[in-house]
Amino acid sequence: MNNSHNTGIAPTTQSHVSTPEPRPGDIPVSPRMRRVILDILHVIVLVLSVLLISVISYTTFKSIPFLKDRLYMSFQLVVCIVFIADFFIELWLTPRGERHLYLRSRWLFLLLSVPYLNIIDGYRLALSPDALYFIRFIPLCRGGLALVIVLDYISSNRITGLFLSYVSILLLVVYFAGLIFYEREQPVNPGVTSYWDSFWWCCMQTTTLGCSLMPVTASGKLLSFILSLMGMIMFPLFTVYLTSLIIRQRDTLNVVNFKGRSVKTASAPSPSPPSDDAEVVPHDNIS
């Protein structure tokens, strides 16, 4: 019979607590190793994205049919496979209780990593040339999102990270819009003689200033609408960013000035009290 309640003596507890065994689904790596793996994956994704940008730019400038270029199709397939592997590795490294949040915020990454162009080519699906041309830019959207994540990670604060992310997205969109506009418009538009004509037109459309060069094809008109819409959305962010910088600078100067006044006040000699031996002049003798 247990008399600990009657005697007032607490029941004896074990001197140590046993470490719980890892549950199925827990991450078998340390947080530091997880961070190293994620950094390596981000670098690989960024390098492949840059290489894919270079290959697409080369095939565009050389007017090489991408569906007939086996090297390009094989390279894009490898890039998409790496992107898919990166998605599932990051999902595996995410704590089990947070995986639903990861899936909810990164499902678009998986959709953009699917090698749609290789699937279409393998099954001989009939699509229009314009649709096929736009489909091959889908993996680059995945690389652009990876760039946004890395810039936000290495930025000093959230506002700077957001600003860098939007700037990088804007530059990538303008660059690839220039490629698309050049390839679609150059054969039929006499005003497009080089890529720089297309790039200048995209810059003018993004700033909503307009340009004397007018698009002729349906792709060019669609790009005109998209770039103008992006410009109206993106450029107010520059104003927000500059405003935040001015406010932070003003707050910093206010803190410095306040500390400077505090130091001067503390170092100033305090007035000494009047001595008891000091002679008091009668009021009647003051002239």
Side-chain angles (χ1 to χ4, degrees), residues 46 48-69 71-73 75-76 79-80 108 111-112 114-118 120-121 125-148 151 164-238:
L46 286 177
L48 290 178
S49 301
V50 172
L51 291 176
L52 190 60
I53 291 172
S54 303
V55 172
I56 289 180
S57 302
Y58 178 79
T59 57
T60 300
F61 294 141
K62 296 297 182 179
S63 300
I64 300 174
F66 53 90
L67 286 177
K68 297 181 181 180
D69 189 355
L71 178 61
Y72 168 76
M73 296 295 290
F75 179 71
Q76 181 177 251
V79 170
C80 291
L108 183 60
L111 292 181
L112 294 177
V114 176
Y116 296 105
L117 203 60
N118 299 90
I120 293 171
D121 183 56
L125 300 178
L127 293 177
S128 65
D130 288 338
L132 290 174
Y133 185 79
F134 281 99
I135 287 174
R136 74 167 179 165
F137 287 95
I138 291 179
L140 292 176
C141 298
R142 170 66 175 85
L145 292 176
L147 177 62
V148 169
L151 289 176
L164 293 177
S165 300
Y166 278 110
V167 169
S168 61
I169 291 175
L170 186 63
L171 292 178
L172 287 174
V173 169
V174 170
Y175 175 74
F176 288 113
L179 286 179
I180 297 173
F181 190 82
Y182 172 70
E183 183 159 342
R184 300 287 96 181
E185 293 282 333
Q186 193 268 338
V188 295
N189 194 333
V192 181
T193 58
S194 65
Y195 170 76
W196 299 112
D197 295 333
S198 302
F199 184 77
W200 176 254
W201 177 84
C202 292
C203 292
M204 292 296 98
Q205 292 299 123
T206 306
T207 56
T208 66
L209 295 177
C211 183
S212 59
L213 180 63
M214 299 299 294
V216 176
T217 62
S219 300
K221 295 176 182 178
L222 179 61
L223 287 174
S224 176
F225 171 76
I226 294 175
L227 292 174
S228 299
L229 183 63
M230 283 195 61
M232 289 187 294
I233 296 174
M234 293 289 189
F235 276 98
L237 295 174
F238 289 90

Are [X] and [Y] packed together at the side-chain level, in the sense that at least one heavy-atom pair is separated by less than 4.5 angstrom?
X	Y	value
Y116	L111	yes
F75	L51	yes
W200	D197	no
V173	T206	no
P215	L223	no

I need the minimum non-hydrogen distance between [X] and [Y], along with the two atoms involved.
X	Y	answer
G178	C202	N-SG, 3.4 Å
C211	Q205	N-OE1, 4.0 Å
L52	Y72	CD1-CE1, 4.3 Å
L132	I120	CD2-CG2, 3.8 Å
V192	S198	CG1-OG, 3.4 Å

Fill in the blank from the handout: Rounded to the nearest 0.5 Å, the CG atom of D121 sits from the CG atom of L127 at a distance of 11.0 Å
Completion exercise
Separation between CH2 (W201) and CZ (F181), nearest 0.5 Å, reads 4.5 Å
Exercise for the section: Step through the shown structure and confirm whether more than 12 heavy atoms of other residues, nucleotides or ligands are within 6.0 Å of CZ on F61. Expected result: yes
Practice task
Would you check, one step at a time, whether the test side chain to side chain contact (heavy atoms under 4.5 Å, CB included) holds for C203 with F199?
Solution key: CA-CA 6 Å; C203 292; F199 184 77; 3.6 Å; yes
Pair up each side-chain donor or acceptor in residues 53-60 with any protein partner under 3.5 Å, not counting sequence neighbours, and list the distances.
unit_1, atom_1, unit_2, atom_2, d
S54, OG, V50, O, 3.0
S57, OG, I53, O, 2.8
S57, OG, Y175, OH, 2.5
T59, OG1, V55, O, 3.2
T59, OG1, I56, O, 2.9
T59, OG1, R136, NH1, 3.3
T60, OG1, I56, O, 2.8
T60, OG1, R136, NH2, 3.1

Handout entry: Side chain S224, main chain G220, donor-acceptor under 3.5 Å
Key = no
Exercise for the section: Could you name each residue pair satisfying side chain to side chain donor-acceptor pair (under 3.5 Å) that touches residues 177-186, not counting sequence neighbours? Expected result: D130-R184, Y133-E183, E185-N189, E185-T217
